[in-house]
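The structure under discussion appears below in the form of structure tokens.
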Amino acid sequence: MAEPPMLRDTLEPGIIRLTFNRPDKLNALSTPLIAALEAELDRIAADPAVRVVILAGAGDRAFVAGADIAEYRGNRAAAFAAYQFRSRRVFDRLEGLPQPTIAAIRGYALGGGFELALCCDLIVCARSARLGLPEGQLGLSPGGGGTQRLSRAVGKGIASDMMLAGRRITGERAYAIGLAVELADDEDLAAAALARAQAMLKLAPLAQTEMKRLIRQGFDAPLPVAQSLEQEVLLRLYGSEDGQEGIAAFLDKRQPNFKGK
Ligand code: COA
């Protein structure tokens, strides 16, 4: 039987790992792979038992080497547009997931692969990581939000270097410029991502969902609007069961028991 294009594992209660599973094609985002990702994201978004999602690539050569270029051949405009509309929807869904997400990158994260990582809340890189937006070499431009999310994440200069000069960056550089929050040896990458996920389990889920929304949406809003959003969120969280539980637990010198309410 053919291997499924995406694997889902529960690493421990609340922590799910989704693995792009086309290692012989460097996990390129074929239509079946994008469809499988979309189905998983839909399931996860509706499942409060899932607290953190880790994205990873199968094999040791790539996270994801971009869209499946084999599907692009032949100037089939309608199929190309359908793929692009779908991937935009899936990327936005990943970014908007209520649960925190971690991209664990080993090897190539190019084009759509890098853009997927940019939709995650945290990026953890192995030393072998190579990140880039090489679409210009194909005569194309990024289509998964890369021109916008990368510029917002690292500034116009580095984003322009990566797109206009086709510059790939290493995991070490990604860490140095703050794109990745951690740099690990390749054999330690999975453990590094898991440790971050375990840390996330300790915080209140509602607060995490709201904070990740504020970080993304607030970035694109005028500062006073973003500050008002922030304040509304805090007032709401203060009145939530988890807000009161967190305060009580601190004062009682015990661990909080958050319920996501
Ligand atoms: N789409 C389809 N297939 C891809 C792919 C992609 N984006 N990236 C890699 N592959 C396939 C290769 O065609 C090759 O398949 P084959 O063994 O059947 O010939 C296999 O994955 C291994 O890749 P290969 O190119 O042989 O490895 P390499 O070490 O020589 O080069 C890269 C690695 C990542 C530099 C190179 O594969 C590459 O440039 N890929 C495309 C990256 C890209 O442009 N992404 C943006 C797409 S919009």
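Remember, it's 1-based here, ligands and their atoms both numbered in the order they're listed. Hydrogens, waters and symmetry mates play no part in the numbers below; they use all other heavy atoms, side chains included. Please read all numbers here as calculations on a predicted model, not as lab measurements.
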Any side-chain heavy atom of L183 sitting closer than 4.5 Å to one from V124?
no
Could you check whether E210 pairs with R236 (Lys NZ or Arg NE/NH1/NH2 to Asp/Glu carboxylate O, under 4.0 Å)?
yes
Check this for me, if you would: do R127 and D185 make a salt bridge, where the nitrogen-to-carboxylate-oxygen distance has to be below 4.0 angstrom?
yes
Neighbouring protein residues of ligand 1 - any heavy atom closer than 4.0 Å:
D24, K25, L26, A28, R61, A65, A67, D68, I69, Y108, L110, P134, E135, L138, R168
If I compare all heavy atoms of G145 with all of E115, which pair ends up nearest, and what's the gap?
N-OE2, 3.4 Å
State the CG-CG distance between D68 and N27, to the nearest 0.5 angstrom.
11.0 Å
Identify the residue among D186, D60, T170 that makes a side-chain hydrogen bond (donor to acceptor under 3.5 Å, both in side chains) with S128.
D186
